[in-house]
Amino acid sequence: MAAEQTRGSSVAVLASVAAAAVSAAETAAVRLTAASGTPLRRGLPRVPGGEPWPPVGFALAPARLPEVSAGAEPSAVENPVVVPMSAVSEPDELKPEPASASEVPSPITRAAPAVQARPRRAPLVLGSRSLARWVRVVLLFGGGAVVAAGIIVLVARGVTTLPGVPGFLARYPGEYHLPEFVEDGFPAWARWSHFLNFFFMVLIVRTGLLVRRQRKPDAFYTPKRGGKKVSLYLWLHTLLDVLWLVNGVMFVVLLFVSGHWVRIVPTSLEVFPNALSAGLQYLTLEWPVEDGWVNYNSLQQLMYFTVVFIAAPLAAISGVRMSEWWPQGAEKLNRVYPAPVARALHYPTMLFFVGFVVVHVFLVFATGALKNLNHMFAGTPGVSWVGFWWFAGGLVVAGVALWAVRPLVLASIAGIAGRVSER
């Protein structure tokens, strides 16, 4: 009962305070608004059951602030109602119990300024992937290749223990004898043709991939004597194709004139069982006995024959069909040799050349690097570092040429025989 009486007295105090505040506000409003001739618009009452607000009167007219003399205080509303805070405080029963010392929140302290983190460096991107992703791909495929190579070697060595296989390897050691008229060694024209073939092939693959991937060419080339405008990369790719074909034709002519054709053209059916025997020996990592200065093994002979007389002509005829030199208006010829067929042949042929070069270089180093490099670069059968340094110099020349395959450098070269433009 005491709590209810206290709560009732609090409500009565609050109601009396509100009524006093409203009365004072109404008196002040009447005094302030009596000076204007515009009647006020009245609305709803401020307290239940009261008069509409504001009271009857006039709108406030612009008034000047009264002057205040020095030392005097400005006047305020007469007879202000002062309500002590104790009169409107909540009763003790409604106040929450004080929290214990453990529950009192700690005073708010200013947090130390956060250290600004350094901006993350953008990852290095090579092509369509970041460097880290390329490393993961190389490690993944490299590890898989090592495992696969180990399995192949074990299987090949197991095959050599099967009945009849040792006798087959003894009968066909991996090569057969060449005719007596062929000379040993590699003449200068063969060595130079070999290097130029490698040089042009590297640039052809590079420019071919650029042509295949480009969407909007950076620059165009137009012949001075007139002709169709092509992209700068396509112009260089076509020029390299022509130089590569010229080098290949000269090599084939000299090959037959000198009699060295028997080194890469099979002259006996024994080439096939000997090639099988040489391949099996390669897979077991027990290299077949050979001397490239005098004779290639049968597997090498078949591969070189395929490169010179099959893959190279296939790349040439498919490239010509896709080039601007092909007569587009020859309907019968286009039906006999449609462009989609040429595209289906050209790219796989390029992949074959890339795979051949990778395997060829690997075997050159794995079966005696100094001796093999001397054969083709120094022209001697001995073992020394001369051929290696010639080979290293050739790699530097090819690397510089690859770096130069960019519009800024190509524009100055192409400008000699034609006009280079951005459109």
Q. Going by the angle between their ring planes, with limits at 30° and 60°, are Phe186 and Tyr296 parallel, tilted or perpendicular?
A. tilted
Q | Whether over 12 other heavy atoms sit under 6.0 Å from Leu162 CG | A | yes
Q: For Asn247 and Ser193, work out which heavy atoms get closest and say how close.
A: ND2-O, 3.4 Å
(Q) Under a 3.5 Å distance rule, please check whether Ser231 uses its side chain to pair with a backbone N or O of Leu234 as donor and acceptor. (A) yes
Q | Criterion side-chain contact (heavy atoms from CB on, under 4.5 Å) on Leu240 and Thr207, from CA distance to verdict | A | CA-CA 9 Å; Leu240 292 170; Thr207 55; 4.0 Å; yes
Q) Going by heavy atoms in the side chains, are Leu299 and Tyr282 under 4.5 Å from each other? A) yes
(Q) Can you see whether Tyr221 has Arg419 sitting over its ring - NZ or CZ less than 6.0 Å from the centre and within 45° of the normal? (A) no
Q | Atom pair NE2 (His346) and CZ (Arg212), whose distance is rounded to the nearest 0.5 Å | A | 9.5 Å
Q: Starting at CG of Leu169, measure out to CD of Glu286 and round the result to the nearest 0.5 Å.
A: 9.5 Å
Q | Minimum side-chain heavy-atom gap Leu209-Met350 below 4.5 Å | A | yes
**Q.** Phe168 side chain reached by Pro273 side chain, heavy atoms, under 4.5 Å
**A.** yes
**Q.** Donor-acceptor contact below 3.5 Å, side chain Arg215 vs main chain Arg213
**A.** yes
Q.
Tell me whether Phe181 at atom CZ has more than 12 heavy atoms from other residues, nucleotides or ligands lying less than 6.0 Å away.
A. yes
Q: Assign the ring pair His375 / Trp293 to parallel, tilted or perpendicular, where the plane angle (0 to 90°) is split at 30° and 60°.
A: tilted
(Q) Is it the case that the ring center of Phe377 lies less than 6.0 angstrom away from the ring center of Trp390? (A) no
Q) For Arg263 and Val182, which heavy atoms make the closest approach, and how far apart are they? A) CG-CG2, 4.0 Å
Q) Taking everything shown except Phe141 itself, do over 12 heavy atoms lie less than 6.0 Å from its CZ? A) no
Q. For atom CE of Met322, is the number of surrounding heavy atoms from other residues, nucleotides or ligands below 6.0 Å larger than 12?
A. yes
Q: Check the pair Arg157, Val153 against side-chain contact (heavy atoms from CB on, under 4.5 Å), reporting the backbone distance first and the verdict last.
A: CA-CA 6 Å; Arg157 292 193 174 188; Val153 170; 3.9 Å; yes
Q) Any donor and acceptor pair, going by atom type alone, linking the side chain of Gln301 with main-chain N or O of Val262 inside 3.5 Å? A) yes
Q.
Under a 3.5 Å distance rule, please check whether Asp218 uses its side chain to pair with a backbone N or O of Pro407 as donor and acceptor.
A. no
Q. For Asn297 and Tyr176, does a side-chain donor sit closer than 3.5 Å to a side-chain acceptor?
A. no
**Q.** Which atom of Gly394 lies closest to which atom of Phe195, heavy atoms considered
**A.** CA-CE1, 3.6 Å
Q) For Ser298 and Glu270, does a side-chain donor sit closer than 3.5 Å to a side-chain acceptor? A) no
Q | Heavy-atom side-chain proximity of Phe272 to Leu276 below 4.5 angstrom | A | no
**Q.** Closest contact, heavy atoms only, Pro223 versus Lys228
**A.** CD-O, 3.8 Å
Q) CZ of Phe198 to CE of Met201: how many Å apart, nearest 0.5 Å? A) 10.5 Å
Q. Going from OG1 on Thr306 to CG on Leu314, what distance comes out if it is rounded to the nearest 0.5 angstrom?
A. 11.5 Å
Q: Flag the pair Val165 / Leu280 as yes when at least one side-chain heavy-atom distance between them is below 4.5 Å, and no otherwise.
A: yes
(Q) With a 3.5 Å distance limit and no angle check, can you tell me whether Lys224 reaches the backbone of Ile416 through a side-chain donor-acceptor pair? (A) yes
(Q) So Trp287 and Leu363, do their side chains get closer than 4.5 Å, heavy atoms only? (A) yes
(Q) Take a 6.0 Å sphere around CD of Gln214 and say whether it holds more than 12 heavy atoms from other residues, nucleotides or ligands. (A) yes
Q) So, for Ala411 and Val420, which heavy atoms are closest and what is the spacing to 0.1 Å? A) O-CG2, 3.8 Å
Q.
Would you say that more than 12 heavy atoms from the other residues, nucleotides or ligands in this model lie under 6.0 Å from the CZ of Arg133, or not?
A. no
Q: Test Asn372 against Phe388 for side-chain contact (heavy atoms from CB on, under 4.5 Å), laying out the working first.
A: CA-CA 9 Å; Asn372 293 329; Phe388 173 82; over 6 Å; no
Q: Would you check if there is a donor-acceptor pair between the side chains of Asn334 and Trp326 at a distance under 3.5 Å?
A: yes
Q | Whether Phe352 and Phe356 hold their rings parallel, tilted or perpendicular, with breakpoints at 30° and 60° | A | parallel
Q | Under 3.5 Å: donor-acceptor pair, side chain of Thr284, backbone of Ala156 | A | no
Q) In terms of ring plane angle, is the pair Phe305 and Phe309 parallel, tilted or perpendicular, where the classes change at 30° and 60°? A) tilted
Q.
Between Trp244 and Leu203, does the side-chain contact (heavy atoms from CB on, under 4.5 Å) criterion hold? Intermediate values first, please.
A. CA-CA 10 Å; Trp244 178 67; Leu203 294 178; over 6 Å; no
Q.
With a sphere of 6.0 Å drawn around CG of Leu140, does it hold more than 12 non-hydrogen atoms of other residues, nucleotides or ligands?
A. yes
Q) In this structure, are over 12 heavy atoms from other groups packed under 6.0 Å from Arg171 atom CZ? A) no
Q: Would you check if the side chain of Gln281 reaches a backbone N or O of Pro173 as a donor-acceptor pair within less than 3.5 Å?
A: yes
Q: Give a yes or no answer on whether the side chain of Asn374 reaches the backbone of Thr380 with a donor-acceptor pair at less than 3.5 Å.
A: no
Q. Between Ser277 and Gly174, what is the shortest heavy-atom contact and its length?
A. OG-N, 4.1 Å
**Q.** Student check: side-chain heavy atoms of Trp192 and Asn197 closer than 4.5 Å
**A.** no
Q.
Among residues at least two apart in sequence or on other chains, which ones pass side-chain contact (heavy atoms from CB on, under 4.5 Å) with Ala369?
A. Phe365
Q. Within a strict 4.5 Å, meaning less than it, do heavy atoms of the Val265 and Tyr304 side chains meet?
A. no
Q. Would you find a donor on one side and an acceptor on the other, under 3.5 Å apart, between the side chain of Thr349 and the backbone of Leu345?
A. yes
